[in-house]
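I have placed the structure first, in the form of structure tokens, so that the comments after it can refer back to it.
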Amino acid sequence: MKSKNVAFGLLLALLLGVAVSCAPSRKAYRTNNLLVKSNVFVYDADSVDVVPNLSSFVVPIPNTKFLGLFRLNLFTYEIGNMLRKDSKFKNFLQKSWGEAPVYADTAFFYKTISQFNQELFNQGFFNPEISFKTFVNNKNNAKVYYLVRLNEPYTYNVVDNYLPDTVISDLVFGGESETLIKPGDILNSYTLDDERSRITEILRNNGYYLFSKDLIEYVVDTNLLNKKANIAININKPINKEKGVNKSIDLKKYYIRNVHVYSNFDSHINYRRTYENDIRVSQHIPEGDTATNGLFYIYEIGKQKLRADVLLNSIYIKPGGEYQHNAVNWSSRSLTNIPSVRYAAISFDPVGSYNDSLLDCSVRITRKKLHAFSISPEVTNNGGRLGFGASTNYNNRNIFKGGESLQLTASGSFELQFGSTETQVGNLLHTAQAGITTTLFFPRILLPFGWGNMPGYNLPRTNIDLGFSYQKRADLYDRIISNVAMGYSWRSNNSKLSHYFSPIDFNYVSIDKEPILENYISQMKGSLYERQYTSHTLLGMRYSLVVSNQSDKKKKGVHHYFRVNAEASGNFLNLMSTTFNQERDSLGLYNFLGSPYSQFVMGDLEYRLY
């Protein structure tokens with residue numbers, strides 16, 4: 001790794017030297033003025049509330065600068081032009097590190113103006129004035145400046161809606177503050193599209209299964225004199241394409257009749273033919289429902305059984321209830337939170353035809369392998385010491401039939417030394433270690449009395465971790481490290497907030513030092529090194545909060561990531577020690593399990609901007 005860094009540094013220095021010394025030669029290869037800067041100036045930006053961002057529509061983009069100082073990639077590309085034609089090194093240099101020069105081309109400038117016009121039209125500025133000016137210095141470097149005058153935008157005057165019935169009207173416009181199209185706002189095609197999404201989301205979450213965005217139609221009447229626009233919102237009827245005949249049908253609510261759950265779906269099985277013999281069918285009536293409202297049918301094959309209560313608690317599509325698109329997303333998200341589930345496909349079929357109002361739902365769950373086992377051997381060479389090690393991992397993804405996962409990992413390794421004076425003559429063992437860790441995962445919050453009840457779409461999880469390891473360093477120490485931790489994690493409904501809380505985080509380190517290490521540490525009192533080789537105990541709790549909009553697909557442009565951590569340790573133990581008048585050791589410290597424990601409160605923050 002060091003040799004690669006040195007080689008890269010030498011090559012970079014060589015390129016810089018050639019770039020500086022051969023500047024006149026480089027320019028001989030340029031066929032036009034080099035574009036070094038593009039700026040956009042909006043004259044009347046103060047006259048509007050929101051100034052359109054036009055910078056992202058500028059083409060072409062000037063060559064990038066290395067560290068904001070000089071165009072290293074361009075220099076590298078032009079150095080390649082000085083080399084022999086068709087050489088491999090030239091191709092490598094130009095394609096891997098180089099960047100072709102970006103020239104000032106009026107064709108691109110006019111393309112930029114065309115894109116400006118289209119973007120401004122989408123945002124309600126129908127009559128902008130746009131021009132550009134270029135400036136070229138004596139080094140053949142060009143700068144282009146785009147001059148934009150927005151002029152008065154078109155605004156909404158009258159907003160009407162022509163909806164099929166009052167039920168839909170009340171759902172969509174029941175609260176005037178919810179609509180995104182209001183008189184006085186600028187006519188904006190992006191806002192119109194957002195309004196389409198808003199209406200579609202409301203209706204598809206209130207039973208209107210066949211509704212889609214393309215059924216919404218806008219009729220806009222503009223007045224050139226006062227720059228006003230009257231807009232009417234129409235909702236068309238969906239088209240039924242059954243049996244090759246296109247026929248419009250009325251918008252209406254659909255209800256779920258039956259929910260068929262294939263808990264271990266296999267596309268090679270004909271479920272209708274094997275219905276009686278190979279598949280166990282369970283009818284589960286949700287609490288509060290009746291048989292006339294429909295049933296849950298759970299089909300199971302093979303040995304991977306998931307308890308019915310786990311499936312029912314993870315599926316939010318209820319027989320007898322209205323169709324809800326959110327319920328589909330929540331069900332898929334909740335099911336895939338189960339470790340043994342690879343993915344879940346949810347589909348709907350009309351009962352009879354779309355003229356009826358009933359749907360049958362099918363939930364096809366594809367499972368992962370129940371058991372997974374792996375072995376990873378390794379051979380190391382650390383400072384001339386030959387080492388051997390191996391780790392084994394076993395995973396049971398449905399150990400209690402409720403989607404719980406058990407993971408066991410056992411590892412061991414040792415290093416041998418030859419001709420070393422660190423240990424006794426003839427003792428080849430330098431270090432040895434062995435350990436085992438266990439993680440038990442539950443796709444829910446484990447708390448007594450039902451306190452941890454949380455919808456599955458919040459991705460609730462409980463982790464229980466146990467670990468034990470033994471380490472030996474010849475003639476120096478024997479160390480035992482053990483840990484026990486329990487943690488809960490969950491997310492908010494919109495996935496922007498993630499929480500992790502660990503009420504128990506216990507670590508115990510016991511070390512038996514040899515005299516040679518004791519003497520060495522005695523000379524380093526108060527150092528971190530002394531702490532590392534001293535028996536101690538940690539018992540605390542942790543909380544972590546992450547706020548991020550990176551998963552928001554509708555969010556464009558800047559993304560934010562914010563994380564805050566808080567951790568406390570030893571405070572409960574100190575309270576118990578002082579309450580019960582525990583005796584201190586010779587150093588004046590309280591002990592737990594024969595070792596001093598740490599007491600602290602700490603936290604940290606992190607913010608990223610993308």
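Numbers for residues simply follow the sequence, beginning at 1. The analysis underlying the following values was restricted to heavy atoms, covering all of them including side chains, and did not include hydrogens, waters or symmetry mates.
Comment: Asp309 engages Arg307 in a salt bridge, judged by a side-chain N to carboxylate O separation of less than 4.0 angstrom. For the pair Arg257 and Asp360, the salt-bridge criterion is met [side-chain N within less than 4.0 Å of a carboxylate O]. With salt bridges taken as basic N to acidic carboxylate O contacts below 4.0 Å, none links Arg198 and Glu201.
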Item to check | Criterion side-chain contact (heavy atoms from CB on, under 4.5 Å) on Ser38 and Ile61, from CA distance to verdict | outcome: CA-CA 8 Å; Ser38 296; Ile61 300 175; over 6 Å; no

Item to check | Verdict with reasoning, Ile202 to Tyr208, per side-chain contact (heavy atoms from CB on, under 4.5 Å) | outcome: CA-CA 9 Å; Ile202 291 175; Tyr208 293 89; over 6 Å; no

Next on the checklist: Please evaluate residues Asn565 and Arg542 with respect to the criterion side-chain contact (heavy atoms from CB on, under 4.5 Å), reporting the C-alpha separation (whole Å), side-chain torsions for both, the decisive distance (0.1 Å), and the verdict.
Outcome noted: CA-CA 7 Å; Asn565 290 329; Arg542 292 186 292 125; over 6 Å; no

Item to check | Verdict with supporting geometry, Arg444 and Glu404, side-chain contact (heavy atoms from CB on, under 4.5 Å) | outcome: CA-CA 9 Å; Arg444 52 191 173 274; Glu404 303 86 356; 2.4 Å; yes

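For Phe41, the CZ atom counts as densely surrounded, since its 6.0 Å shell holds more than 12 non-hydrogen atoms of other residues, nucleotides or ligands. Environment of OH in Tyr145: crowded, with over 12 heavy atoms of neighbouring residues, nucleotides or ligands closer than 6.0 Å. Atom NZ of Lys213 has more than 12 neighbouring heavy atoms from other residues, nucleotides or ligands inside a 6.0 Å radius. Within a 6.0 Å sphere centred on NZ of Lys95, heavy atoms belonging to other residues, nucleotides or ligands number 12 at most.
Aromatic ring orientation, Tyr262 versus Phe265: perpendicular (interplanar angle above 60°, classes split at 30° and 60°). Relative orientation of the Phe126 and Phe121 rings is parallel, given thresholds of 30° and 60° on the angle between their planes. Between Tyr543 and His499, the ring planes are tilted. Angles from 30° to 60° get that label. In this structure, His371 and Tyr394 have parallel ring planes: the angle between them is below the 30° cut-off, well short of the 60° mark. Below 30°, between 30° and 60°, or above 60°: for Phe116 and Tyr146 the angle between ring planes is above 60°, a perpendicular geometry.
Ser263 places no side-chain N or O within 3.5 Å of a backbone atom of Leu306 that could act as its donor or acceptor partner. Checking side-chain atoms of Gln123 against main-chain N and O of Pro52 turns up no donor-acceptor pair under 3.5 Å. A distance-only check finds no donor-acceptor pair linking the side chain of Asn205 to the backbone of Gln324 [under 3.5 Å]. The closest donor-acceptor contact from the side chain of Asn63 to the backbone of Val102 lies under 3.5 Å. Looking only at distances, no side-chain donor or acceptor of Ser362 sits under 3.5 Å from a matching main-chain atom of His260. Ser357 places no side-chain N or O within 3.5 Å of a backbone atom of Tyr254 that could act as its donor or acceptor partner. In terms of modelled atom types and a separation under 3.5 Å, the side chain of Asn258 and the main chain of Leu295 share a donor-acceptor contact. Checking side-chain atoms of Asn337 against main-chain N and O of Pro460 turns up a donor-acceptor pair under 3.5 Å. When atom types are taken as modelled, the side chain of Ser332 and the backbone of Val328 share no donor-acceptor pair closer than 3.5 angstrom. Between the Arg204 side chain and the Tyr209 main chain, a donor and an acceptor come within less than 3.5 Å of each other.
Using a 3.5 Å distance cut-off with no hydrogens or angles, the side chains of Tyr190 and Glu119 do pair a donor with an acceptor. Under 3.5 Å, the side chains of Asn230 and Asn157 contain a donor-acceptor pair of N or O atoms. With no hydrogens or angles considered, a side-chain donor-acceptor pair links Ser347 and Arg364 at under 3.5 Å. In this model, no donor atom of one side chain and acceptor atom of the other lie less than 3.5 Å apart for Thr439 and Asn463.
Side-chain contact between Phe562 and Leu605: present, with at least one pair of heavy atoms (C-beta onward) separated by less than 4.5 Å. You'll find the side chain of Thr437 stays beyond 4.5 Å of the side chain of Asp465, heavy atoms only. The closest side-chain heavy-atom distance from Val261 to Phe296 is below 4.5 Å. Between Phe108 and Leu35, every side-chain heavy-atom pair lies at or beyond the 4.5 Å cut-off. In this structure, Leu459 and Arg333 have side chains that are in contact, with non-hydrogen atoms separated by less than 4.5 Å. Side-chain contact between Leu251 and Pro238 is present, with at least one heavy-atom pair separated by less than 4.5 Å. Annotation: side chain of Glu195 is in contact with side chain of Tyr218 (closest heavy-atom distance under 4.5 Å). By the 4.5 Å heavy-atom criterion applied to side chains, Thr134 and Phe109 are counted as neighbours.
Across all non-hydrogen atoms, the minimal contact from Ala229 to Thr222 is CB-CG2, 4.1 Å. Val58 approaches Pro60 most closely through the heavy-atom pair CG1-O, 4.1 Å. In terms of heavy-atom proximity, Pro319 sits nearest to Ile317 at CD-O, 3.9 Å. When all heavy atoms are compared, the tightest approach of Asn53 to Ser55 is OD1-N, 3.4 Å. In terms of heavy atoms, Lys237 sits closest to Ser248 at CB-CB, 4.1 Å. Nearest heavy atom pair, residue Gly456 against residue Ser334, reads CA-OG, 3.2 Å.
Evaluated for a side-chain contact (heavy atoms from CB on, under 4.5 Å) with Tyr154, the options Asn226, Asn127, Asn188 yield exactly one hit, Asn127.
Atoms CZ and OH, on Arg491 and Tyr500 in that order, are 15.0 Å from each other to the nearest 0.5 Å. Remark: Leu215 CG to Leu203 CG distance equals 9.5 Å, nearest 0.5 Å. Summarising the geometry, atom CG belonging to Asn151 is positioned 6.5 Å from atom NZ belonging to Lys227; distances are rounded to the nearest 0.5 Å. The distance from atom CG of Leu370 to atom CG of Asn395, rounded to the nearest 0.5 Å, is 9.0 Å. Atom CD1 of residue Ile233 and atom CZ of residue Arg196 lie 9.5 Å apart, to the nearest 0.5 angstrom. Note that CG of Leu440 and OG of Ser405 are 8.0 Å apart. Values are rounded to the nearest 0.5 Å.
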